[in-house]
Amino acid sequence: MSADSSDRFEIPKEMRSMAEASFDQARKAFENFLASAQQTAARIEGQGASVRAGAKDIGAKAVSYAEKNVQASLDYAEKLLHAKDLAEVTRLHSEYVQNQMRSLAEQASEMGQIVSRAAMEAAKPKN
């Protein structure tokens, strides 16, 4: 066994095809879920629910973050399916973790600002 062959791994073609089909199903299920959630949110808003603007912003931002985070995870999983060797898997994992940590820090900061604005708005005296 050469040094090169110890670093390489091969996913059998049938297993890769099965994984890709499962991945495609998961992505479609997620897209259907998102479409349904967006329709429900629009319906609630259309019914004139008395939701404060701050609460709507928080909810909308939370859904947006969830969408971005799940999409990043799906993209990462898809890249892993096509990884050619352990070095590529390691690189992809490192990139994914770094990007997610950066993204989560940005999301926490933005959410903090939105919550602060909503709290200030809610504390204003009503005329």
Side-chain angles (χ1 to χ4, degrees):
M1 191 182 269
S2 69
D4 288 340
S5 66
S6 67
D7 286 346
R8 293 192 52 84
F9 67 94
E10 290 289 325
I11 298 174
K13 191 179 280 189
E14 298 81 16
M15 187 178 262
R16 183 181 298 268
S17 295
M18 216 169 33
E20 287 174 350
S22 294
F23 177 79
D24 288 341
Q25 288 176 340
R27 186 180 292 274
K28 286 176 186 165
F30 173 67
E31 289 169 355
N32 289 338
F33 167 77
L34 264 180
S36 176
Q38 290 168 345
Q39 288 173 352
T40 300
R43 207 172 314 125
I44 289 171
E45 286 180 31
Q47 292 172 348
S50 58
V51 179
R52 295 194 55 79
K56 282 186 359 185
D57 287 348
I58 291 168
K61 198 52 99 166
V63 169
S64 171
Y65 292 157
E67 180 180 318
K68 287 178 186 176
N69 293 336
V70 170
Q71 188 64 49
S73 295
L74 289 171
D75 291 346
Y76 169 61
E78 186 172 30
K79 288 176 185 176
L80 285 178
L81 280 174
H82 300 289
K84 293 185 180 19
D85 55 31
L86 190 55
E88 187 175 4
V89 169
T90 303
R91 179 185 58 78
L92 289 169
H93 180 70
S94 177
E95 289 172 1
Y96 172 74
V97 170
Q98 289 174 3
N99 289 337
Q100 283 304 102
M101 293 301 289
R102 188 177 319 111
S103 180
L104 291 173
E106 290 170 5
Q107 292 170 5
S109 175
E110 288 177 16
M111 189 61 83
Q113 293 171 8
I114 292 169
V115 169
S116 292
R117 279 195 303 269
M120 289 172 34
E121 191 65 33
K124 283 184 181 177
K126 296 179 180 160
N127 294 336

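All values derive from a computational prediction rather than experimental measurement. Counting from 1, the numbers follow the sequence of the chain as shown. Hydrogens, waters and symmetry mates are skipped; everything else that's a heavy atom, side chains included, is used.
A tilted orientation is assigned to the rings of His93 and Tyr76, their planes being inclined by 30° to 60°.
For the pair Arg91 and Glu95, the salt-bridge criterion is met [side-chain N within less than 4.0 Å of a carboxylate O].
One distance of note links CG of Leu92 with CG of Asp75; it measures 11.5 Å at 0.5 Å rounding. Residue Thr90 holds its OG1 atom at 10.0 Å from CD of Glu88, rounded to the nearest 0.5 Å. We find the CE-CD distance between Met111 and Gln107 to be 8.0 Å, quoted to the nearest 0.5 Å. Note that CG of Asn99 is 10.5 Å distant from CG of Leu104, once rounded to the nearest 0.5 Å.
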Show your reasoning for whether side chain to side chain donor-acceptor pair (under 3.5 Å) applies to Tyr96 and Ser73.
-> CA-CA 8 Å; Tyr96 172 74; Ser73 295; 2.8 Å; yes

